[in-house]
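Worth knowing before you read on, the calculation uses all heavy atoms, side chains too, and leaves out hydrogens, waters and symmetry mates. Everything numeric here is computed off the predicted structure, so don't read it as measured data. Each chain gets a letter, A, B and so on, in the order the sequences are listed, and its residues count up from 1.
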There are 2 protein chains.
Amino acid sequence: MKPKLNDVAQLAGVSVTTVSRVINDHGYLSERTKQKVFAAMRELHYQPNNMARSLQGKNTQLVGLIFSDISNPFFAELVSRIEKILFAKNYKVILCNSADDPQKERDYLQMLMANQVDGIIAGAHNLGIEEYKQYGLPIISFDRYLSDNVPIVSSDNFNGGWLAAQTLQQAGADKIAIFTGKSHAGSPTNGRREGYEAYLTQHGLTPHVHELPFELSPALKTMEIRTILENHDYNGVFCSDDLTALLTANVAQQLKLTIPTELRLVGYDGTALIRNYHPNLTTIEQPLADISTLLVSLLLQRIADANCKLEAKYTLPVKLIKGTTA
Amino acid sequence: MKPKLNDVAQLAGVSVTTVSRVINDHGYLSERTKQKVFAAMRELHYQPNNMARSLQGKNTQLVGLIFSDISNPFFAELVSRIEKILFAKNYKVILCNSADDPQKERDYLQMLMANQVDGIIAGAHNLGIEEYKQYGLPIISFDRYLSDNVPIVSSDNFNGGWLAAQTLQQAGADKIAIFTGKSHAGSPTNGRREGYEAYLTQHGLTPHVHELPFELSPALKTMEIRTILENHDYNGVFCSDDLTALLTANVAQQLKLTIPTELRLVGYDGTALIRNYHPNLTTIEQPLADISTLLVSLLLQRIADANCKLEAKYTLPVKLIKGTTA
DNA sequence: AGTTGTATGTCAAACGTTTATCATTTTTAT
DNA sequence: ATAAAAATGATAAACGTTTGACATACAACT
């Protein structure tokens with residue numbers, strides 16, 4: 001069987017109390033006993049049982065991460081960063097792919113509660129989850145409204161949309177469309193569209209909004225995009241995420257539209273993946289490092305003090321990544 | 001405070017024993033009491049404390065996932081799939097990004113032990129982790145040798161390399177290089193190189209092996225590739241992963257090498273991401289769905305019966321995805 | 001009538017750890 | 001030598017749940 005506190009105590013020739021004191025650095029302890037105990041722990045490969053510890057009242061040092069799907073590179077990078085930061089602070093991460101399914105999201109919430117997580121970072125795309133309120137658990141949200149007392153961290157979507165439109169115009173485009181996700185209240189892509197629209201109308205251009213349902217498969221999305229590009233003579237397109245921008249670039253190639261002379265293209269997100277493997281793509285970069293750091297930092301504050309006052313919304317600046325597509 | 005078993009019992013007007021019986025479906029129970037208890041649980045938003053349950057002997061239903069870095073799309077997709085399958089089977093996932101750092105990997109192992117996970121699926125890239133042996137925990141490995149009693153699931157790397165070489169030759173290439181990771185014993189990319197070499201030598205061609213250190217940044221890798229392509233007149237390149245293939249394609253474009261007429265290109269992995277967003281890339285697809293299913297299935301077998309006999313190695317077939325680059 | 005099966009209850013031990021209390025011993029300082 | 005401080009131990013309660021032992025009650029069969 002696995003070694004337990006008692007076994008360590010026996011091997012070290014001390015009492016359980018002392019071993020526990022050593023582990024928790026509690027009360028008076030001589031250097032000599034500490035060493036004896038550590039030696040015994042090493043020899044037995046002893047690992048304190050976290051279940052028992054947290055039953056006692058200790059934190060579980062577990063954090064739940066709810067995102068729609070980490071096979072999306074944007075979330076993959078975000079989750080990867082968050083995990084790294086949390087691990088460095090001695091927290092572990094329980095991963096939840098909600099797949100944008102409200103029921104799954106609810107199930108995940110239940111499960112995380114049952115596992116006594118110390119807090120949750122959520123960045124899924126569903127809305128109307130009333131449940132987030134009732135659990136008196138520290139929660140921080142990424143780029144999405146969950147409930148009144150849940151702080152939101154996001155990048156400056158409005159300015160991002162504005163910047164994208166500006167970039168397209170300054171690159172010579174004057175018939176500029178936006179390809180974005182279905183807009184429901186609270187969705188982050190709304191801000192991007194609004195920024196885009198604001199820039200265009202302020203500069204005497206007409207916005208052309210095309211909503212591509214988020215859940216569409218890439219193949220279907222490609223078809224839609226092809227139809228759109230064939231039936232309008234846009235010379236500039238702002239895609240509200242980089243993956244859609246890639247699809248658009250593919251379609252442009254099929255249609256023999258040269259980029260950027262005939263069609264200018266701007267994406268959104270600017271993950272490391274895109275910057276590294278598609279350096280040509282002009283895009284709006286979300287500051288993923290800062291976002292991750294802030295998300296974690298806010299969560300830990302809430303965990304340390306459940307009532308600590310936090311802002312309702314934290315907006316981080318975006319950055320234009322100038323490629324060759326616009 | 002959070003509701004506990006006792007509160008549910010009081011509200012339902014039954015004993016704690018009965019509530020516990022309902023939850024665990026244990027012993028005789030009338031439909032009426034069951035309903036009463038469920039109603040009370042719902043009303044209180046009761047969630048059994050998993051810490052207490054597992055202390056008492058129940059499984060934690062937690063599985064540790066150790067991968068080098070999920071910001072790599074290949075691992076992102078793999079982890080995403082594994083998580084989905086496990087969630088459907090009522091398991092939760094603790095995510096570990098080992099970053100190919102043996103010390104981090106050791107720390108993660110310790111942590112997972114401390115959290116009483118029921119098992120581990122590991123697909124990191126380090127070797128020589130003796131620790132995997134001593135923990136008497138069900139472990140399944142993806143594409144990597146860990147220890148004698150740890151079953152390995154992998155795709156048919158040798159055949160993949162063979163197929164890639166064959167595809168390049170049949171597309172008209174006769175000076176065919178391979179860009180692969182540093183080869184250390186046990187690394188999966190070795191098989192791919194061996195398959196490539198075997199095909200070439202058997203067909204009277206000379207293998208040209210270029211090892212690009214795995215940890216090189218994409219920018220440095222790009223420089224390396226550029227140097228290589230400038231100094232040799234290869235007309236076919238097999239990259240042992242798709243991301244390197246993308247870099248190679250970028251470099252080819254810079255050097256005005258047309259693909260596939262002047263340079264033929266084959267990648268490896270064939271994630272959904274690549275298939276969806278780079279449908280042109282000819283690549284060798286690893287069966288990620290089958291791999292995930294098998295990894296989980298083997299792990300659950302081991303969890304159910306720690307001594308169940310499993311094969312040392314499970315090799316799944318790969319598939320050529322014919323694009324336009326070779 | 002007695003037997004059996006079903007349904008519930010009471011009680012207490014157990015899981016592995018933490019922590020408080022009280023007691024005791026050893027060390028150090030004066 | 002004496003007091004104070006430091007180091008350890010023994011004991012037990014607590015965390016929330018499961019589970020077994022045992023008791024009781026009521027129904028439905030013979």
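For A:Asp69 and B:Lys84, the salt-bridge test passes: some basic side-chain N is under 4.0 Å from an acidic carboxylate O.
Side-chain atoms of A:Ser292 come within 3.5 Å of backbone N or O of A:Leu288 as a donor-acceptor pair.
Residue A:Ser30 is classed as a sugar-phosphate contact, given heavy-atom separations below 4.0 Å to backbone atoms only. Residue contacts for B:Val14: at a heavy-atom cut-off of 4.0 Å it reaches the sugar-phosphate backbone alone, with no base atom in range. Among the protein residues, B:Asn6 comes within range of no part of the nucleic acid, since none of its heavy atoms lies under 4.0 Å from any strand.
In this structure, B:Ser54 does not reach the C:dC15 phosphate: none of its side-chain N or O atoms is under 4.0 Å from OP1 or OP2. At least one side-chain nitrogen or oxygen of B:Ser20 sits closer than 4.0 Å to the OP1 or OP2 atom of D:dT18. Listed pair B:Asn49 / D:dT17 fails the phosphate criterion, with no side-chain N or O lying under 4.0 Å from OP1 or OP2. One finds a side-chain N or O of B:Tyr46 lying less than 4.0 angstrom from the OP1 or OP2 phosphate oxygen of D:dT17. Within the structure, every side-chain polar atom (N or O) of A:Lys58 is placed at least 4.0 Å from both OP1 and OP2 of D:dC15. Note on A:Thr18: a side-chain N or O is less than 4.0 Å away from OP1 or OP2 of D:dG9. Between B:Tyr28 and C:dT6, a side-chain N or O to OP1/OP2 separation shorter than 4.0 Å is present. The side chain of A:Lys34 contributes no N or O atom lying less than 4.0 Å from OP1 or OP2 of D:dA7.
Note on ring orientation: taking the six-membered ring where Trp is involved, the planes of B:Phe67 and B:Phe75 are tilted (angle from 30° to 60°).
Side-chain proximity of B:Arg21 to D:dA21, C:dT18, D:dA7: nearest is D:dA21.
Between the side chain of B:Gln56 and the base of C:dC15, no donor-acceptor pair of N or O atoms lies under 3.5 Å.
The nearest whole Å value for the distance from the CG atom in A:Asn24 to the C1' atom in C:dG16 is 13 Å. Summarising the geometry, the separation between CG on A:Leu5 and P on D:dA10 is reported as 14 Å, rounded to the nearest angstrom. Between the NE2 atom of B:His26 and the C1' atom of C:dG9 there is a distance of 16 Å, given to the nearest Å.
Each of A:Val150, A:Leu299, A:Leu146, A:Leu137 was scored for a side chain to side chain contact (heavy atoms under 4.5 Å, CB included) with A:Ile120, with one residue passing: A:Leu137.
Taking for each of B:Arg32 and A:Gln47 the nucleotide of DNA chain C with the nearest heavy atom, the 5'-most of the two is the partner of B:Arg32.
Counting only heavy atoms from C-beta outward, the side chains of B:Leu310 and B:Ile140 approach each other to under 4.5 Å.
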